[in-house]
**Student:** 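I am attaching a structure below and will ask some questions about it afterwards.
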Protein chains: 2
Amino acid sequence: MVTPYTDADAVALLHRHGINPTTQRVMITRVLFERGVHMAADDVFRIVNADDNQVSKATVYNTLGLLAEKGAIRQVIADPVKVFYDPNTSPHHHLYDEGTGELTDIDAIDVNVTGLPPLPLGASLQGVDVIVRFRQKK
Amino acid sequence: MVTPYTDADAVALLHRHGINPTTQRVMITRVLFERGVHMAADDVFRIVNADDNQVSKATVYNTLGLLAEKGAIRQVIADPVKVFYDPNTSPHHHLYDEGTGELTDIDAIDVNVTGLPPLPLGASLQGVDVIVRFRQKK
DNA sequence: CTTAATGCAAAGGCTTTGCAGAGAC
DNA sequence: GTCTCTGCAAAGCCTTTGCATTAAG
C-alpha cells in the first residue's frame, strides 16, 4: 500500500533530523516512507531510478546511512547478506524467513522483553531488536 | 578462558550431529569450543592456522556453515558486515557494541520475551534472537 | 576403486571510498 | 567563491563456487 507522502513531508522529516533536504535525499526518503516497509539499499536504488530519475548507487548508500545515523530510519540486521532499512522507527520487531530472506513486522504492542541486564557504564541504548527466525517445513 | 576440550570431545560432538569428523573439522570445532565464544569465520581461520596447521579458507567457511546447519553451533547476525558463529547453543541473547562491533552474551535466564504472534502455517521456529544494541557516549 | 572432503584461486554480492564535477547559497 | 552534495568507477570485504587434488574406507 502506498501512503500519501509528499515532497513536503519528506522535507519536513529531513529538517526534523537536521538533514539538508536535497533533491536526491527527498526522493529516497519518499520511496521508503510512501511504501512504509523495510527494504534493502538495492531495492531503494531500483525504485528511485524506476521512473527515469537519476540517483547514483553511492548517493543511495550514503543517504540511507545518513538517515539511519540521524535516527530518521532504522537499520535492521537480520539477513546475513544485506542490511534492511526500515522507515518505521516506532518499537516493533521482525519475523525473518530464512528460506526466502523475507522480513515482516511484528507489532511491539504485545511483545515484552523483560529481565535485560544493565548496560555497560557510559553506554547509550540504541535499540533492542527481536528477530524471530523461522523456516518453511519441507 | 580456555576450557579443556580435547579432540575426542570434538569428535563426539560431530558424531552427535551426524557430521563426519575429519581432521580439519575437528580442528575448527576445537577452536570454537575451547574458547567458548562467538567469532567470525576469519577469526577461526586465523586461529586454526596460527600453530602451523593448514586449513583453507573455503574449508573453514564450509565447515562453519555445516556445523550451523546441523545445529552444532549457532549463527549470530548482529554485525552488518560479518556473521558470528557461537558455540553456545543454549538459549541466550546478545549485547552488541555498534562502535567496536564487539558482541557479548546475555544469559537468557532472566530474559523473557512474551506476546509473540503465532508463526505462519507450516513454519518451524529456528530461534528468537534478542540483540541489544548500544553505543559508547562521546 | 569409489565416495567424500579439501584447497586454491577466481568470482560474486553488498557496501564504501576517492575524487572530480555539479549544485546551492 | 566557498561549501556541500552527487556521481562514477574502483576498491574493499566477506563469502561462495568450481574444479582438480587428496584422503578415507
**Student:** Output the rounded distance in Å from CD1 (A/Ile28) to P (D/dG7).
**Tutor:** 8 Å
**Student:** Quick one, B/Asp42 and B/Lys82 - any side-chain contact, counting heavy atoms below 4.5 Å?
**Tutor:** no
**Student:** Distances under 3.5 Å only, N/O to N/O: pair up the protein atoms with those of nucleotides 9-16 of chain C.
**Tutor:**
{"residue": "C/dT15", "atom": "OP1", "partner": "A/Val83", "partner atom": "N", "Å": "2.9"}
{"residue": "C/dT15", "atom": "OP2", "partner": "A/Tyr61", "partner atom": "OH", "Å": "2.8"}

**Student:** Do B/Gln54 and B/Ser56 get their side chains close enough for a donor-acceptor pair, meaning under 3.5 Å?
**Tutor:** no
**Student:** State, to the nearest 10°, the angle formed by the axis through the first five base pairs of the helix from C/dC1-D/dG25 to C/dC25-D/dG1 and the axis through its last five.
**Tutor:** 20°
**Student:** A/Gln54 side chain N/O closer than 4.0 Å to the phosphate oxygens (OP1, OP2) of D/dC8?
**Tutor:** no
**Student:** A/Leu32 and A/Tyr85: which non-hydrogen atoms are nearest, and at how many Å?
**Tutor:** CD2-O, 3.6 Å
**Student:** To the nearest Å, how far apart are A/Asn20 CG and C/dA24 P?
**Tutor:** 11 Å
**Student:** Using whole Å, what does the distance between atom P of nucleotide D/dC14 and atom CD of B/Gln75 come to?
**Tutor:** 16 Å
**Student:** Starting from C1' on D/dC14, measure out to CG on B/Asp43 and report it in whole angstrom.
**Tutor:** 12 Å
**Student:** Between B/Thr22 and C/dT6, is there a contact of a side-chain N or O with OP1 or OP2 at under 4.0 Å?
**Tutor:** yes
**Student:** Between atom CD1 in B/Ile19 and atom P in C/dT6, what is the gap in whole Å?
**Tutor:** 11 Å
**Student:** Expressed as a whole number of angstroms, how long is the span from B/Phe45:CZ to D/dC13:P?
**Tutor:** 15 Å
**Student:** Can B/Thr6 and B/Asp9 be counted as having a side-chain donor-acceptor contact under 3.5 angstrom?
**Tutor:** yes
**Student:** May I have the distance from B/Leu66 (atom CG) to D/dT17 (atom P), rounded to whole angstrom?
**Tutor:** 14 Å
**Student:** May I ask you to verify if any side-chain N or O of B/Gln24 is less than 4.0 angstrom from the OP1 or OP2 atom of C/dG7?
**Tutor:** yes
**Student:** Any chance you could pull the hydrophobic cluster mates of B/Leu125, using side-chain heavy atoms under 4.5 angstrom and chaining through other members?
**Tutor:** A/Leu95, A/Ile106, A/Val111, A/Val113, A/Leu116, A/Leu119, A/Leu125, A/Val128, A/Val130, A/Val132, A/Phe134, B/Leu95, B/Ile106, B/Val111, B/Val113, B/Leu116, B/Leu119, B/Val128, B/Val130, B/Val132, B/Phe134
**Student:** Is there a side-chain contact between A/Asp105 and A/His38, using heavy atoms and a 4.5 Å cut-off?
**Tutor:** yes
**Student:** Report yes or no: does B/Arg35 contribute a side-chain atom to a donor-acceptor pair with the main-chain N or O of B/Val31 at less than 3.5 Å?
**Tutor:** yes
**Student:** Could you give the CE-to-C1' distance, from B/Met27 to C/dG7, as a whole number of Å?
**Tutor:** 12 Å
**Student:** Reckon B/Thr59 has a side-chain N or O less than 4.0 Å from the OP1 or OP2 of C/dG7?
**Tutor:** yes
**Student:** Quick one: does A/Leu13's side chain get under 4.5 Å of A/Tyr5's, heavy atoms only?
**Tutor:** yes
**Student:** Tell me the closest heavy-atom pair linking A/Asn88 and A/His92, and the distance in Å.
**Tutor:** O-CE1, 3.0 Å
